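Everything on this sheet refers to the single structure shown next.
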2 protein chains.
Amino acid sequence: MNETSGTAAAQPTERIPAAERREQILAAASVVFGERGYAGATTDQVARAAGISQPYVVRMFGTKENLFLEVLARALGRLVAAFRQIIAEPREHGEDEAELLAMRLGAAYVDLIEDRGILLSLMQAFISGHNTVVGAKARAGFLEIYRMLRDEAGFPPDAIRGFLADGMLFNTLLAIRLPDIFDEDPDAEELMRCTFRGKLDVVLGATAADAAEHA
Amino acid sequence: MNETSGTAAAQPTERIPAAERREQILAAASVVFGERGYAGATTDQVARAAGISQPYVVRMFGTKENLFLEVLARALGRLVAAFRQIIAEPREHGEDEAELLAMRLGAAYVDLIEDRGILLSLMQAFISGHNTVVGAKARAGFLEIYRMLRDEAGFPPDAIRGFLADGMLFNTLLAIRLPDIFDEDPDAEELMRCTFRGKLDVVLGATAADAAEHA
DNA sequence: CTACTTTGTAATCATTCGATTACAACATTC
DNA sequence: GAATGTTGTAATCGAATGATTACAAAGTAG
């Protein structure tokens with residue numbers, strides 16, 4: 001259960017209320033699961049990212065699967081909350097009302113990348129459909145988003161499809177780490193630019209900050 | 001290295017030329033990796049799906065990582081071949097020429113689901129960007145598709161984004177196994193229908209055949 | 001028939017990893 | 001200042017898994 005500890009100082013670990021520690025672990029687990037997937041991540045990696053010992057992670061969440069389910073629920077909660085806030089905002093009615101709302105929701109979605117791990121762990125859950133329990137939660141979560149777009153945002157079917165499709169492409173380009181090869185292949189940046197338009201700076205800012213954090 | 005063997009008869013395993021056996025393993029691995037991901041799949045599961053022993057899989061491909069890389073290359077090859085064939089087809093020029101080509105490519109993409117595992121293992125590779133060697137191949141593969149749409153199909157940026165986005169949503173709904181809950185939640189079918197339009201029958205046919213095969 | 005190559009498996013090894021146990025340090029209450 | 005609860009870790013266990021080894025059976029060449 002070892003792993004070469006990074007340069008981060010291994011302080012004697014201060015005592016912290018369980019609720020607060022819980023959120024720390026969930027935040028760390030979001031990043032780790034988002035990067036490596038459910039099966040690819042280890043509880044030890046999560047523990048190290050959270051600055052605590054591996055047994056503590058397991059005891060607090062029972063099982064690794066349970067931890068992942070909570071990460072998924074947390075990510076879904078953040079996403080839904082962000083969307084609902086946009087939808088609830090007062091907006092003037094017009095012919096392009098739906099289009100404007102879609103733009104705002106899209107911007108909110110892109111901004112979610114700042115909360116490192118949210119979108120990636122969501123995506124990791126989405127492709128775990130084969131897993132009985134994780135898959136069920138992922139399907140339910142996806143449908144919740146669908147219903148929100150349909151009922152609360154009032155999107156017509158084509159708008160829903162277009163919005164979800166853009167989101168999945170966003171997630172994929174994020175997961176595949178296209179910015180990592182901007183130097184080697186200019187097409188990588190071109191594809192990112194053609195996908196994100198003006199919002200590319202936000203994405204690059206977040207991924208660059210993450211890369212620096214990793215170094 | 002055990003696992004409850006299915007009802008499939010465990011024949012004494014006939015001797016088969018290495019090249020043929022190799023393709024069998026790759027086909028089986030496509031399905032297994034597509035369902036469970038790179039980290040989630042085991043070489044033993046691949047071996048059982050191919051009807052041979054686990055050591056043989058490892059010896060033929062060296063490592064699990066190598067096997068996954070070959071699965072990825074094979075999937076990418078099939079996709080590129082299918083696209084190139086459509087692009088090479090003679091077509092009359094008109095104002096909606098690009099749109100028609102996009103429709104045909106989209107149909108070809110959906111049809112790829114028949115070759116079980118191709119699209120899912122591709123998607124699994126796309127979200128493995130964190131893995132150094134797999135991630136590099138996945139990025140290169142994605143960019144190859146991008147270049148094909150841009151240079152060979154002659155798509156404008158917006159068409160590329162739309163096409164790729166639809167494809168990623170397709171992959172995601174496929175991976176999340178939405179058809180599994182058509183009975184429980186009618187919204188699941190509604191979302192599938194809003195995404196695939198007329199092509200839903202093709203998708204359902206393929207996934208149903210796969211489900212029956214699993215039973 | 002004998003030697004050699006190809007195709008395949010059984011047995012097993014070393015590692016990894018999730019989980020458990022036992023215990024320690026700190027805080028709180030009475 | 002005991003007693004009790006909270007927060008945390010070290011040590012370790014058992015199962016899973018990728019990989020290796022040794023071996024067998026079938027084909028092929030001479």
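Quick note: numbers below take in every heavy atom, side chains included, and nothing from hydrogens, waters or symmetry partners. All chains are named by letter (A, B, ...) in the order of the sequence lines, taking the proteins before the strands, and each is independently numbered beginning at 1. Just so you know, these numbers come straight off a predicted model, no measurement behind them.
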Distance, rounded to the nearest Å, where [X] contributes [atom1] and [N] contributes [atom2]:
| X | N | atom1 | atom2 | value |
| --- | --- | --- | --- | --- |
| B:Met60 | C:dT9 | CE | P | 11 Å |
| A:Gln45 | C:dT16 | CD | P | 12 Å |
| A:Phe61 | D:dT7 | CZ | C1' | 14 Å |
| B:Glu14 | C:dT7 | CD | P | 13 Å |
| A:Leu67 | C:dA19 | CG | C1' | 14 Å |
| B:Gln54 | D:dT17 | CD | C1' | 8 Å |
| A:Glu20 | D:dT6 | CD | C1' | 15 Å |
| B:Arg22 | C:dG8 | CZ | P | 13 Å |

Open item on the list: Ring centres under 6.0 Å, that's the criterion: do A:Phe170 and A:Phe196 meet it?
Closed with: yes
TODO: State yes or no: are the ring centers of A:Phe163 and A:Tyr146 separated by less than 6.0 Å?
DONE: no
Task: Closest-nucleotide 5' rank along DNA chain C - winner of B:Ile52 and A:Arg59 - done: B:Ile52
Task: Taking every non-hydrogen atom, the tightest pair across A:Ala138 and B:Ile176 - done: O-CD1, 3.4 Å
Compare side-chain N and O positions of [X] against OP1 and OP2 of [N] and report whether any pair is under 4.0 Å apart.
| X | N | answer |
| --- | --- | --- |
| B:Thr43 | D:dG18 | yes |
| B:Tyr56 | C:dG8 | yes |
| B:Thr13 | C:dT9 | yes |

- [ ] Describe the nucleic acid contact of A:Ala41 in one word from base, sugar-phosphate, nothing, applying a heavy-atom distance below 4.0 Å.
- [x] sugar-phosphate
Open item on the list: Students often get this wrong, so: under 4.0 angstrom with heavy atoms, is A:Ala19 touching a base, only sugar-phosphate, or nothing?
Closed with: nothing
Task: Residue B:Thr42, side-chain heavy atoms: nucleotide from C:dT20, D:dT17, D:dT20 that is nearest - done: D:dT17
Task: Nucleotide nearest A:Ile16 (side chain, heavy atoms from C-beta), chosen from C:dT20, D:dT21, D:dG8 - done: D:dG8
Open item on the list: Counting neighbours of CD on B:Gln85 that are heavy atoms of other residues, nucleotides or ligands and sit closer than 6.0 Å, is the number greater than 12?
Closed with: no
- [ ] For B:Ser30 and B:Arg74, test the side chains for any donor-to-acceptor distance below 3.5 angstrom and give the result as yes or no.
- [x] yes
TODO: Return the 5'-most residue of the pair B:Arg15, B:Ala39 with respect to DNA chain D, ranking by each residue's nearest nucleotide.
DONE: B:Ala39
TODO: Check if the side chain of B:Arg21 and the base of C:dT7 share a donor-acceptor pair of N or O atoms closer than 3.5 Å.
DONE: no
